[in-house]
Amino acid sequence: MDLGLKGMKALVTGGTKGIGRHCAEIFAAEGADVAVCARKAEEVADTVAALEAKGVKAFGQAVDVADKAAFERFVAAAADALGGLDMVVANVSALAVADDEAAWKAGFETDLMHTVRLVNTAMPFLEQSKAASITAISSVSGRETDFTGPAYGAYKAALVHYMHGLAVKLAPKMIRANAVSPGNTYFEGGIWNQIETGNPELFAEALALNPTGRMGRPEEVARGVVFLASPASSFTTGTNLVVDGALTRGVQL
């Protein structure tokens, strides 16, 4: 299937590893120019080089997405470097799973407000696009109560609500907004790789919950993200795509 991405402009936050990196690579493989950000400059440079090797224009900066001014400068710089923005993917999470006030503060600034600021800063560019889309990476922890902390689940649920509200508000402008909720996703260096070595009991418990007998791979989630963001999904807006291998038990009506 041709996703219609050739020549389009995509921005992915947290785009140097895991789900974000695979999103960026799939966008580029489909012919879209791509901007990424992450905290580590070396990883950003490596990612930009890998994307450019696919024959597209790429741009990246090291930035803390919780730093409002710095993050907004990055979004504007990305739009300038690429010549506009058609698709933005909010992928960064503080992964604040503790049950304390610090987790609430970290999740608010990183998970929630970085998404809000991405939308607000990118909006003038999205309004000029013929196929604009906004995608937020939520989590199945926003759908049901699990072993993560209360702040993490609450903010992930808030992202789904925010995307649906944007979908309704922006539909007359033909700007789509969707959420993607991954289940446990395993990759080298990721949170579940760290739990596997640091807390094997929790890892075994989480793995046993999934009827497929395994955790997801980041590319499996990224394919769903890129499809939703692409013109091939032009009439899908306000939805929450769950990619979890039947991990969650609630029926999404």
Chi angles and distances behind the side-chain contact (heavy atoms from CB on, under 4.5 Å) call for I175, E127:
CA-CA 7 Å; I175 300 174; E127 289 177 335; 4.0 Å; yes
On a heavy-atom basis, the closest approach of G189 and Q194 is O-NE2, 3.1 Å
T185 side chain to G216 backbone, donor-acceptor under 3.5 Å:
no
Compare all side-chain heavy atoms of L11 with those of L82 and state whether any distance is below 4.5 angstrom.
no
Which atom pair, heavy atoms only, marks the closest approach of A28 to L51?
CB-CD2, 3.8 Å
Could you check whether atom CD of Q252 has more than 12 heavy atoms from other residues, nucleotides or ligands sitting under 6.0 Å from it?
yes
Do T121 and F71 have side-chain heavy atoms sitting under 4.5 Å apart?
no
Nearest-0.5 Å distance that lies between atom NZ in K68 and atom CZ in R73:
10.5 Å
When D33 is tested against each of K6, K57, K9 for salt bridge (charged side-chain N to carboxylate O under 4.0 Å, His left out), which residue passes?
K9
Main-chain N/O of I137 paired to N91 side chain as donor or acceptor, under 3.5 Å:
no
Can you spot which of L228, V226, N178 makes a side-chain contact (heavy atoms from CB on, under 4.5 Å) with S233?
L228
Residues E25, R21: salt bridge by 4.0 Å N-O rule:
yes
Heavy-atom closest pair, residues S181 and N240:
OG-OD1, 2.8 Å
Hey, quick one: are V75 and I134 part of the same hydrophobic cluster, counting side-chain heavy atoms closer than 4.5 Å, chains of contacts allowed?
yes
Say you draw a straight line from CG of D146 to CD of E205; how long is it, rounded to the nearest 0.5 Å?
10.0 Å
Looking at N210 and D244, would you say the former's side chain and the latter's main chain have a donor-acceptor pair under 3.5 Å?
yes
What distance do K54 atom NZ and F27 atom CZ have between them, rounded to the nearest 0.5 Å?
13.5 Å
Nearest heavy-atom contact between G4 and P231 is O-CG, 3.5 Å
M123 atom CE: more than 12 heavy-atom contacts under 6.0 Å:
yes
Say whether L112 and L166 are linked into one hydrophobic cluster, either directly or through other cluster members, by side-chain heavy-atom distances under 4.5 angstrom.
yes
Donor-acceptor under 3.5 Å (S93 side chain, D111 main chain):
no
May I ask whether V92 and F108 are part of the same hydrophobic cluster, defined by side-chain heavy atoms of I, L, V, M, F, W, Y residues being less than 4.5 angstrom apart, directly or through others?
yes
Could you tell me which non-hydrogen atom of A66 sits nearest to which non-hydrogen atom of R117, and how far apart they are?
O-NH1, 3.7 Å
What are the two closest non-hydrogen atoms of V12 and G20, and how far apart are they?
CG1-O, 3.7 Å
Would you find a donor on one side and an acceptor on the other, under 3.5 Å apart, between the side chain of D86 and the backbone of A132?
no
Side chain of S133, backbone of A229: donor and acceptor closer than 3.5 Å?
yes
Does the pair E42/K40 count as a salt bridge with the N-to-O cut at 4.0 Å?
no
Is a side-chain N or O of S129 found less than 3.5 angstrom from the main chain of L126, in a donor-acceptor match?
no
Taking only Lys NZ, Arg NE, NH1 and NH2, and the carboxylate oxygens of Asp or Glu, determine whether R249 and E144 approach each other closer than 4.0 Å.
no
If we ignore hydrogens and angles and just use 3.5 Å, is the side chain of R143 paired with the main-chain N or O of G250 as donor and acceptor?
yes
Keeping the roles fixed (side chain from R176, backbone from S230), state whether a donor-acceptor pair exists under 3.5 Å.
yes
Are V34 and V180 grouped together when hydrophobic residues (ILVMFWY) are joined by side-chain heavy atoms under 4.5 angstrom apart?
yes
How many angstroms lie between CD in E43 and OG1 in T16, if you round to the nearest 0.5 Å?
4.5 Å
Are V89 and V243 linked, directly or through intermediate hydrophobic residues, by side-chain heavy-atom contacts shorter than 4.5 Å (ILVMFWY only)?
yes
Please report the interatomic distance CE(M163) to OG1(T135), rounded to the nearest 0.5 Å.
8.0 Å
Within 6.0 Å of CZ in R214, more than 12 heavy atoms from elsewhere:
yes
If we only count heavy atoms from C-beta on, is the F59 to V48 side-chain gap below 4.5 Å?
no
Just checking Y155 against W104, ring centres under 6.0 Å apart?
yes
Going by an N to O cut-off under 4.0 Å, is there a salt bridge joining E188 and K17?
no
So, do E196 and N193 sit near enough that their side-chain heavy atoms are less than 4.5 Å apart?
yes
Is E219 salt-bridged to R223, going by a charged N under 4.0 Å from an acidic O?
no
For the CZ atom of F227 and the CD1 atom of I26, what is their distance to the nearest 0.5 Å?
13.0 Å
